[in-house]
Amino acid sequence: VLQPAEVLYKKNVLVERGSFRPVCHVHLDMLSSAETQFRRDIGPDGGEIVRVMELTMRNLRADGGEVNRTDFLARADMLAAAGMTVMISDYFQYYLLAAYLTQFAKKKIAIVMGAASLREIFDPQYYTELEGGILESFGRLFKYDLRLYIYPFLDPATNRLTTVENLAVATHLQKLYGYLVDNGNIRALDSYTREHLQIFSRDALKKIQAGDPSWEAMVPADVAKVIKEQRFLGYRPNAGDVDRTARERAVTGVT
């Protein structure tokens with residue numbers, strides 16, 4: 001467990017928010033692609049970039065409104081297995097997250113998200129508690145010179161790729177959206193791995209719980225290992241896995 005100042009103080013911070021249930025190749029590709037663009041933007045002498053995977057409390061709550069501690073610990077362990085620094089926050093609105101990070105970072109802050117998530121933050125329903133509504137929320141978010149890096153979304157049903165250039169927003173918000181793009185606050189990522197666009201956590205989770213071994217190709221090897229060893233996310237070994245584990249133990253002399 002780390003203090004925020006230990007990790008973030010006077011650093012450039014790159015944050016990826018998600019449910020990570022489980023963490024898949026697409027999540028790491030998203031972060032890697034954003035880091036490449038972030039380094040290009042701040043320059044080779046711009047200082048260290050700290051990469052953070054963030055979980056909000058809303059993503060950790062069970063249906064009854066309470067935090068599912070077992071699920072929370074599993075996600076933290078999976079992210080740690082992927083070599084990530086994990087942040088748990090209660091800042092559902094991005095402008096609150098930005099304000100928190102600014103207390104420590106003091107340099108550049110960037111958030112990477114998928115195009116589908118970008119569409120959601122242009123939904124006015126999330127800002128009814130603010131007197132100025134969505135305009136106030138974006139004013140608070142971008143006053144810290146924060147930038148959003150947008151990873152494309154591939155619709156599995158239509159095979160249509162949604163990017164910064166063709167994202168559909170409400171008519172009355174199109175000029176605001178265009179301004180933020182033109183101003184560089186919202187930036188498209190172009191160094192992504194296309195085959196990873198077809199990977200979705202929800203599909204991997206269904207396969208894990210159904211005993212379909214193809215889920216292993218969707219996650220990093222170290223993540224697959226910890227899921228199987230700890231039986232996270234409803235994983236249950238099949239007969240082949242049990243036999244293979246027994247053979248490995250016999251070879252290594254483990255009983």
Side-chain angles (χ1 to χ4, degrees), residues 4-18 20 23-55 79 82-87 89 91 94-95 97-122 137-154 160-169 174 176-199 220:
E6 292 180 51
V7 181
L8 306 176
Y9 185 62
K10 292 188 176 180
K11 306 284 179 57
N12 301 291
V13 181
L14 174 62
V15 180
E16 178 179 350
R17 169 177 288 181
F20 308 118
V23 58
C24 297
H25 289 303
V26 65
H27 298 123
L28 300 187
D29 187 56
M30 188 182 298
L31 196 63
S32 177
S33 180
E35 184 177 20
T36 298
Q37 183 62 53
F38 200 12
R39 175 55 65 191
R40 190 182 303 149
D41 289 344
I42 66 176
D45 300 323
E48 181 182 351
I49 296 174
V50 175
R51 306 188 307 170
V52 177
M53 296 288 214
E54 185 228 4
L55 287 164
L79 287 166
M84 295 294 112
T85 297
V86 185
M87 174 181 174
S89 85
Y91 303 123
Y94 282 99
Y95 66 84
L97 173 63
Y100 177 77
L101 293 173
T102 303
Q103 298 177 57
F104 308 101
K106 307 301 182 184
K107 287 194 173 184
K108 301 292 185 181
I109 299 172
I111 298 174
V112 58
M113 65 178 66
S117 296
L118 178 61
R119 185 187 295 116
E120 288 183 1
I121 70 171
F122 273 85
S137 72
F138 281 125
R140 292 189 185 189
L141 177 62
F142 292 115
K143 78 174 183 179
Y144 303 105
D145 193 28
L146 178 143
R147 63 203 67 188
L148 299 179
Y149 291 126
I150 309 305
Y151 192 81
F153 170 75
L154 183 65
R160 180 178 182 271
L161 194 67
T162 300
T163 66
V164 167
E165 288 74 21
N166 64 5
L167 183 78
V169 298
Q174 288 177 357
L176 171 62
Y177 179 74
Y179 168 79
L180 294 173
V181 173
D182 293 341
N183 199 47
N185 298 113
I186 297 175
R187 308 186 185 202
L189 295 176
D190 54 16
S191 60
Y192 56 88
T193 305
R194 189 174 179 86
E195 53 264 34
H196 291 335
L197 298 179
Q198 303 176 37
I199 299 175

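In this chain, residues are counted from 1 in sequence order.
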Write down the atom of Phe153, the atom of Ala116, and the distance for their closest heavy-atom approach.
CB-N, 4.2 Å

Distance check, rounded to the nearest 0.5 Å: Ile186 atom CD1 versus Leu180 atom CG?
4.5 Å

Under 3.5 Å, is there a donor-acceptor pair between the side chain of Tyr151 and the main chain of His27?
no

Between Phe142 and Leu148, does a side-chain contact (heavy atoms from CB on, under 4.5 Å) hold up when you go through it step by step?
CA-CA 9 Å; Phe142 292 115; Leu148 299 179; 3.9 Å; yes

Around atom CD of Gln174, are there more than 12 heavy atoms from other residues, nucleotides or ligands closer than 6.0 Å?
yes

Value for CE (Met30) from CD (Glu35), rounded to nearest 0.5 Å, stands at 14.5 Å

Trace of the side-chain contact (heavy atoms from CB on, under 4.5 Å) decision for Val7 with Met87
CA-CA 11 Å; Val7 181; Met87 174 181 174; over 6 Å; no

Start with the C-alpha gap between Val15 and Tyr94, add the side-chain angles, then the distance that decides, and say whether side-chain contact (heavy atoms from CB on, under 4.5 Å) holds.
CA-CA 11 Å; Val15 180; Tyr94 282 99; over 6 Å; no

Show your working on side-chain contact (heavy atoms from CB on, under 4.5 Å) between Leu55 and Leu79 and close with a plain yes or no.
CA-CA 10 Å; Leu55 287 164; Leu79 287 166; 4.3 Å; yes

Within the structure provided, determine whether Ile199 and Asp29 are in side-chain contact (heavy-atom separation under 4.5 Å).
no

So, for Leu146 and Ile111, which heavy atoms are closest and what is the spacing to 0.1 Å?
CD1-CD1, 3.9 Å

For the student: nearest non-hydrogen atoms of Lys143 and Arg140, plus distance:
CG-O, 3.4 Å

Is the shortest side-chain heavy-atom distance between Arg17 and Met113 below 4.5 Å?
no

Do Leu31 and Val112 come within less than 4.5 Å of each other through their side chains, counting heavy atoms only?
yes

Heavy-atom closest pair, residues Glu165 and Ala188:
OE2-CB, 3.9 Å

Aromatic contact, Tyr91 with Tyr95 (centres under 6.0 Å):
no

Could you tell me the separation between the CG atom of Asp145 and the NZ atom of Lys108, rounded to the nearest 0.5 Å?
3.5 Å

Non-hydrogen side-chain atoms of His25 and Thr193 separated by less than 4.5 Å
no

What closest approach, in Å, do Gly47 and Ile42 show between heavy atoms, and which atom pair accounts for it?
O-CD1, 4.2 Å

Testing Leu101, Ile109, Val50 one by one against Lys11 for a side-chain contact (heavy atoms from CB on, under 4.5 Å), which residue passes?
Val50

Under 6.0 Å between the ring centres of Phe138 and Phe122?
yes

About how many Å separate OH of Tyr177 and CG of Leu118, when rounded to the nearest 0.5 Å?
5.0 Å

Could you check whether any side-chain heavy atom of Leu161 comes within less than 4.5 Å of a side-chain heavy atom of Arg194, counting everything from C-beta outward?
yes

Could you tell me if the side chain of Tyr100 sits less than 4.5 Å from the side chain of Ser89, heavy atoms only?
no

If every non-hydrogen atom of Asn12 is compared with every non-hydrogen atom of Lys107, which pair is closest and at what distance?
OD1-CB, 3.3 Å

One thing to verify: whether Arg187 and Asp41 come together as a salt bridge, which I'm taking to mean a side-chain N less than 4.0 angstrom from a carboxylate O.
yes

Any donor-acceptor pair under 3.5 Å linking the side chain of Asn185 with the backbone of Arg147?
no

How far does OG of Ser32 sit from CZ of Arg51, to the nearest 0.5 angstrom?
7.0 Å

Okay, side chain of Asn166, backbone of Thr163: is any donor-acceptor separation there less than 3.5 Å?
yes

From Thr36 OG1 over to Tyr149 OH, what is the distance, rounded to the nearest 0.5 angstrom?
10.0 Å

